[in-house]
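All remarks here apply to the structure that follows.
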Amino acid sequence: MRDNKTILAEKTAALLAEKGISMTTAEAASLFETPSDPKLGDLALPCFKLAKLLRSAPPKIASELAPAFAGTEGIAKAEAVNGYLNFFYDGASCVAAVDEILRDERFGSSEEGKGKTVCLDFSSPNIAKRFHLGHLGTTVIGNALRNLLNFRGYKTVAINHLGDWGTQFGKLIYAYQHWSSQEQVEKDGIDELVRLYVRFCNAEQEDPALTQEARDAFHKLETGDAECLRIWQYFKDISLREYQKTYDLLGITFDSYNGEAFFSDKMPAVVQEIRDKGLLELDDGASVVRLDEEGMPPCLILKRDGSTLYPSRDIAAAMWRKKTYDFERCIYVTSAGQSLHFAQWFRVVAKMGYDWANGLVHVPYGTMSVGGEKLASRTGNVVLLDDLLAEAIRKCEQVVEEKHPDLPNRDEVAKAVGVGAVVFNALSNSRIKDSDFNWEDALSFEGNSGPYVQYTYARTSSILRKYGDLPAESPAGYAPGAEETALAKKLSEFPDAVTRALDGYEPSVISRYLLAVCALFNQFYHNCRILGAEEEDARVFRVRLTAATHTVIGNGLDLLGIRRTEEI
Ligand code: ARG
């Protein structure tokens, strides 16, 4: 079944085409708005958006278009008011929408991606460094995109492309061998590794001979020296042990941890191929691929000393992934600061003659800061993700304690809500926008937040628990009121929201959609008696509507990677 918005968008596009204006259904759909007052209809077309195109006044456009919508599937009436064309959905189509949702627990999913594989490269921290706030975006956006793709039938490969190679490991190995011990690293974990690295960098300033020592150590590592490899592996284990705690809290898993080191022995062949294809040029001693035609600076392939770089490792990794997984797309989620890097090496792959370069997608996001209350962080002013999550859980424990002193699994609930609050917040703005994390907004049970969505979900659960077995059918001929209609129709738009989220690689489409569903559910909850409805038909339909809301919010939370909470 198509939702009413799609039907109206198609019709609008067709009507505009008659007037010589061409527009896709998606473009037409983006013109519509949901009126803030349900009395004004379930969906509205603000005609001032068309005034320029049609060279006519909005009220005139609205009243001219209105009759053309008579008899449209699912629409009871179209009314022109003050330059708006307001649409009222018909009751029968709302009841049908609820019935359809309840037929399928995975409502919104599809098999459209069947047989296609998508690789997702996300999170990908640099080992021996702490997991800080900068990694939150890539981690949760990547995971949400993965869930969305799975929901649509794609096979996904979640890849944690660890930053585990490079000259910095020569420095760390030297510092560890001279100034530290396994005992110390066991005790302080990554903090000790960070300290060693900082100490080395400072010492290097005083004593340039150390630079050569570090180079030698890295060279030994590259050429397979057993002791250097053992130490490097140890740094990796220590780091992953700590990252794993964060991934466990977030409920995120990966299919592969093949990071930069994994590709180090695959580089020479790739560099040779680039050279054989006549793309490599010398530039001040370094080897580069020129991208003048593309209006980009050259892509660095080899340093002066012949060692490989971030772009060359990415090219080798992409080639290996294509060979191994035969991906339809390979998606990279990183901060917007790396946009040029990806644009450059994507072009190099295209210049190498690989048409699958078209399937390489960079998904950038803006920076996130933490305002208001300062977080205590042991390593200066960077905000660590574990600290942020721990603080969120602690604050939620207090709230849950106050709200529900008798809830049996309070700790679990506080964990789900605290972590959910941070994740939802990170996914609630257009990803490219810079955002500021603010405790009050993130944790508010009333505002546009994760806890608000989880709380609304728990409210639907509680109603359903109280009612018992769900009636199998909606009452025949039931005529829903305004709040019921608005909610049912919004729920029927969930598949459309999933499609838009995937098309734009934009999980915030889902978080915003969920907030709209919650607002409509809460209006319905406050204005209509559900369990206490006097008429049997109303009670049955409203419980079914509540169950449909439960399905949709539940699926939406799953997609965002936020735990469902049956009770708060
Ligand atoms: N390790 C990098 C960082 O922390 C991100 C890696 C992204 N993935 C990639 N294939 N380049 O900035």
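Atoms within each ligand, like the ligands themselves, are counted from 1 in listed order.
Protein heavy atom closest to atom 6 (C) of ligand 1, with residue, atom name and distance, is Y310 OH, 3.2 Å. Scanning the protein for heavy atoms near atom 12 (O) of ligand 1, the closest one is Q338 NE2, 2.9 Å. Closest to atom 8 (N) of ligand 1 among all protein heavy atoms lies D121 OD1, 3.0 Å. When hydrogens are left out, the protein atom nearest atom 2 (C) of ligand 1 is S124 O, 3.5 Å; that is the closest non-hydrogen contact.
With a 4.0 Å heavy-atom cut-off, ligand 1 is reached by the side chain of F342 but not by its N, CA, C or O.
No side-chain donor from either of S123 and Y243 sits under 3.5 Å from a side-chain acceptor of the other.
Checking only distances, N126 does come within under 3.5 Å of ligand 1, N or O to N or O. In terms of polar-atom proximity, Y332 is not counted as a contact of ligand 1, lacking any N or O under 3.5 Å from an N or O of the ligand. The shortest N/O to N/O separation between R321 and ligand 1 does not fall below 3.5 Å.
At least one donor-acceptor pair closer than 3.5 Å links the side chain of T138 to the backbone N or O of V333. A donor-acceptor contact shorter than 3.5 Å links the side chain of K277 to the backbone of M352. A donor-acceptor pair under 3.5 Å is formed between the side chain of N555 and the backbone N or O of E105.
Listed by number with element, the atoms of ligand 1 under 4.0 angstrom from any heavy atom of T334 are 7 (C). Taking every heavy atom of H135 and a limit of under 4.0 angstrom, the matching atoms of ligand 1 come to 4 (O). Of all the atoms in ligand 1, the ones that sit under 4.0 Å from a non-hydrogen atom of H161 are 8 (N), 9 (C), 10 (N).
Just one of P297, P311, S339 meets the side chain to side chain contact (heavy atoms under 4.5 Å, CB included) condition when paired with Q344; it is P297.
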Report the C-alpha distance between I238 and F235 in whole Å, list the side-chain angles of each, state the deciding distance to 0.1 Å, and finish with yes or no for side-chain contact (heavy atoms from CB on, under 4.5 Å).
-> CA-CA 5 Å; I238 288 286; F235 294 160; 5.8 Å; no
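A salt bridge is absent between R394 and E397: the closest approach of a Lys/Arg side-chain nitrogen to an acidic carboxylate oxygen does not fall below 4.0 angstrom.
Stacking of K322 on the aromatic ring of F327 is recorded, both the 6.0 Å distance cut-off and the 45° axial limit being met. Cation-pi geometry between R500 and Y513 is not met at under 6.0 angstrom from the ring centre and within 45 degrees of the axis.
Ligand 1 is never approached by R313 to a heavy-atom distance shorter than 4.0 Å. For E260, the closest heavy-atom approach to ligand 1 does not fall below 4.0 Å.
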